[in-house]
Number of protein chains: 2
Amino acid sequence: MGTTKTDLFNAEQNDLASMLKALAHPARIAILQHLAKAESCICGDLVQELGLAQPTISQHLKELKTAGFIKGTVEGVSVCYCINIPVWEQCKTVLDRLLR
Amino acid sequence: MGTTKTDLFNAEQNDLASMLKALAHPARIAILQHLAKAESCICGDLVQELGLAQPTISQHLKELKTAGFIKGTVEGVSVCYCINIPVWEQCKTVLDRLLR
DNA sequence: CCCGTTAATCGTAATATTGCAATGTAATGG
DNA sequence: CCATTACATTGCAATATTACGATTAACGGG
């Protein structure tokens, strides 16, 4: 137990659920907002902006990246993150299709 | 630890996160899809439709109701659930505002 | 080549979520 | 009033998530 019974549901339902789960945390929403506002990408700044420790931010970034919502490019010693628009659009489309 | 540090974020971020969390489970998505398709509301049928036990369905319904996405009205011995359109619209609006 | 800076990863504690059996509650039919 | 039917609640086991200290990996400057 404690595990979601994914085999009971179809791919669309499971995919949408995991996309939404990736967004369903205030820190990850705050990260997306910051990336949207900053236009270009940032990284260590997020640790400053939100009050969370560096490993925590790194973990949230990883979840957003795994879900496809952001992309990260190594820029020398730092990493530059930015929003992955197509995935975002697709998420909204699927969500829209849900209730109509 | 293990708790989300909600005090680090503003109300909009926390509210959106909890709305999305309510949606972020395939069973709850399946429930919403079924309610949308059936137009009118249903209830015990959901236990049949999805392969989950009755207490589990009841718990998911409760979470959706707490988040405001559905409403339930007692109809004799059974309970009739239906989608709460305004909350749904508002969720999409807030989500839209996030990335733009 | 060493050092500092930046970020990912590991390990772990605290807490939340998922799912269900058992039980409780409320209405309905007889 | 009793049995039944439809749900909700409780309690608990299994697992997932959140957060962070400690450590590691990778790059650039001297």
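Letters go in sequence order (proteins before strands), and every chain restarts at 1.
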Could you check how far [atom1] of [X] sits from [atom2] of [N], rounded to whole Å?
| X | N | atom1 | atom2 | value |
| --- | --- | --- | --- | --- |
| B:E63 | D:dA8 | CD | C1' | 14 Å |
| A:K21 | C:dA16 | NZ | C1' | 12 Å |
| B:M1 | D:dT17 | CE | C1' | 13 Å |
| A:I57 | C:dT6 | CD1 | C1' | 14 Å |
| B:D7 | D:dA19 | CG | P | 10 Å |
| B:L61 | D:dT9 | CG | C1' | 14 Å |
| B:L52 | D:dC7 | CG | P | 16 Å |
| A:L46 | D:dA19 | CG | P | 14 Å |

| message | One thing to verify: whether B:E12 and B:R97 come together as a salt bridge, which I'm taking to mean a side-chain N less than 4.0 angstrom from a carboxylate O. | response | yes

| field | Nearest to side-chain heavy atoms of A:P55, which nucleotide of C:dT18, D:dT9, D:dG21 | value | D:dG21

| task | Output the single nucleotide from C:dA7, D:dA19, D:dC7 whose closest atom is nearest the side chain of B:V79. | result | D:dC7

| Side-chain heavy-atom pair B:T73, B:V79 within 4.5 angstrom cut-off | no

| field | Contact check, side chains of A:L8 and B:L50, non-hydrogen atoms, under 4.5 Å | value | no

| When you match B:S78 and A:H25 each to their closest nucleotide on DNA chain D, which lands nearer the 5' end? | B:S78

| Residue mapping more 5' on DNA chain D - nearest nucleotide basis, A:T4 or A:V77 | A:T4

| Pair of N/O donor and acceptor under 3.5 Å linking D:dA6 base with B:Q54 side chain | no

Is the distance from OP1 or OP2 of [N] to the nearest side-chain N or O of [X] less than 4.0 Å?
| X | N | answer |
| --- | --- | --- |
| B:S58 | D:dA8 | yes |
| B:H60 | C:dG19 | yes |
| A:K5 | C:dC20 | yes |

| query | Looking across every strand, which nucleic acid part, if any, lies under 4.0 Å from B:E75 by heavy atom: base, sugar-phosphate, or nothing? | reply | nothing

| query | Which part of the nucleic acid, if any, lies within contact of A:T3, taking any heavy atom under 4.0 Å across all strands shown: a base, the sugar-phosphate backbone alone, or nothing? | reply | sugar-phosphate

| remark: Residues B:A36 and A:L98: closest non-hydrogen pair is CB-O, 4.3 Å

| task | Mark yes or no for whether A:R28, through its side chain, and A:L64, through its backbone, hold a donor-acceptor pair below 3.5 Å. | result | no

